[in-house]
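Letters A, B, ... are given to chains in the order of the sequence lines, protein chains preceding strands, and every chain is numbered from 1.
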Amino acid sequence: MRIVRTINENYVKSRVPRGFNLSAARAVQRRLSGLVVEKPLSERRLVAGLDVAYVGNTAVAAAVIVDSISKAVMDSAVIYTRVDFPYIPTLLSFRELKPMVMAYKSLERAPHVVMIDGHGIAHPYRLGIAAHFGVTMGMPTIGVAKSLLYGECDVDVDASPILDPATGDQLGAVIRCGAGLGPTFISVGNLISLPDAVRLARELCVSSVMPLPILMAHRLANKAKKSIKPQSG
DNA sequence: GCGACAG
DNA sequence: ATCTTGTCGC
């Protein structure tokens, strides 16, 4: 099935907190997206995955490093931090970037590339959270999402390109990791090429729509969440 | 005209 | 994302 998704800026405007300067935020997104670099990835052995879970206004961010060859977990970290900004489509970075950076910095080892739960440049301003993180940290990053925020593609077709409805530019690609599994949306975050991003994502999608590093970060964040929320376990 | 919208 | 029971399927 072909889907086309665009963003209603008025909806975004209606959800933004009072006092938040939306046009300034858009200007920042446009400026930082200009710093995204697409190039082949050289080192790719150690791959980190980042994900965030919530308990009320407390974010539980997890980072896990997986060896892409042996699939062994090499390092992991979890942090807790208060978040103030709400979830608003196209402004996810303003809510989750800091927690992700904190978890990433808590790692003892340095990965070669980072996979993030969210889009890279497949974003109306070409700065999804994976691209934002990549430019901010100067790291190669890949955006991996379970649903489409912005763009046009064929969700049933493996390798279907995600195109910008406005310009026709390719923003990413759909991959299908197995029968019975939904689509996974891949896009460049920073310092990687789309073919390299797609190749690495495919290699690490083991019986799940999410690649191993992100899947493990997701599980770690939810496990850690239980330790501060004992009433539901 | 109203509504949809990464996590 | 999170709120939530039992239930169908591999």
Measure the distance from [atom1] on [X] to [atom2] on [N] and round it to the nearest whole Å.
| X | N | atom1 | atom2 | answer |
| --- | --- | --- | --- | --- |
| A:M210 | B:dA6 | CE | P | 13 Å |
| A:L127 | B:dA6 | CG | P | 17 Å |
| A:I214 | B:dG7 | CD1 | C1' | 12 Å |
| A:L92 | C:dA1 | CG | P | 11 Å |
| A:M115 | B:dG7 | CE | P | 15 Å |
| A:N222 | C:dA1 | CG | P | 8 Å |
| A:L149 | B:dA6 | CG | C1' | 5 Å |
| A:I7 | B:dG7 | CD1 | C1' | 13 Å |

| Under-4.0 Å salt bridge between A:R95 and A:D84 | no

| task | Answer yes when A:D196 and A:K39 have at least one side-chain N-carboxylate O distance shorter than 4.0 Å, and no when they do not. | result | no

[N] phosphate, OP1 or OP2: any side-chain N/O from [X] under 4.0 angstrom?
| X | N | result |
| --- | --- | --- |
| A:T6 | B:dC5 | no |
| A:K146 | B:dG7 | yes |
| A:K225 | C:dA1 | no |

| Once the angle between the rings of A:H132 and A:F94 is folded into 0 to 90°, is it parallel (under 30°), tilted (30 to 60°) or perpendicular (over 60°)? | perpendicular

Can you tell me which nucleotide in [options] comes closest to the side chain of [X]?
| X | options | value |
| --- | --- | --- |
| A:A145 | B:dG7, C:dT2, B:dC5 | B:dG7 |
| A:Y11 | C:dA1, B:dC5, B:dG7 | B:dC5 |
| A:Y87 | B:dA6, C:dT2, B:dA4 | B:dA6 |

Under 4.0 Å, counting only non-hydrogen atoms across every strand here, what does [X] touch: a base, just sugar-phosphate, or nothing?
| X | value |
| --- | --- |
| A:N8 | base |
| A:L91 | base |
| A:A130 | nothing |

| task | Determine yes or no for a side-chain-to-main-chain donor-acceptor pair under 3.5 angstrom, with A:S76 supplying the side chain and A:L220 the backbone. | result | no

| query | Are A:I186 and A:V188 linked, directly or through other ILVMFWY residues, by side chains that come within less than 4.5 angstrom of each other? | reply | yes

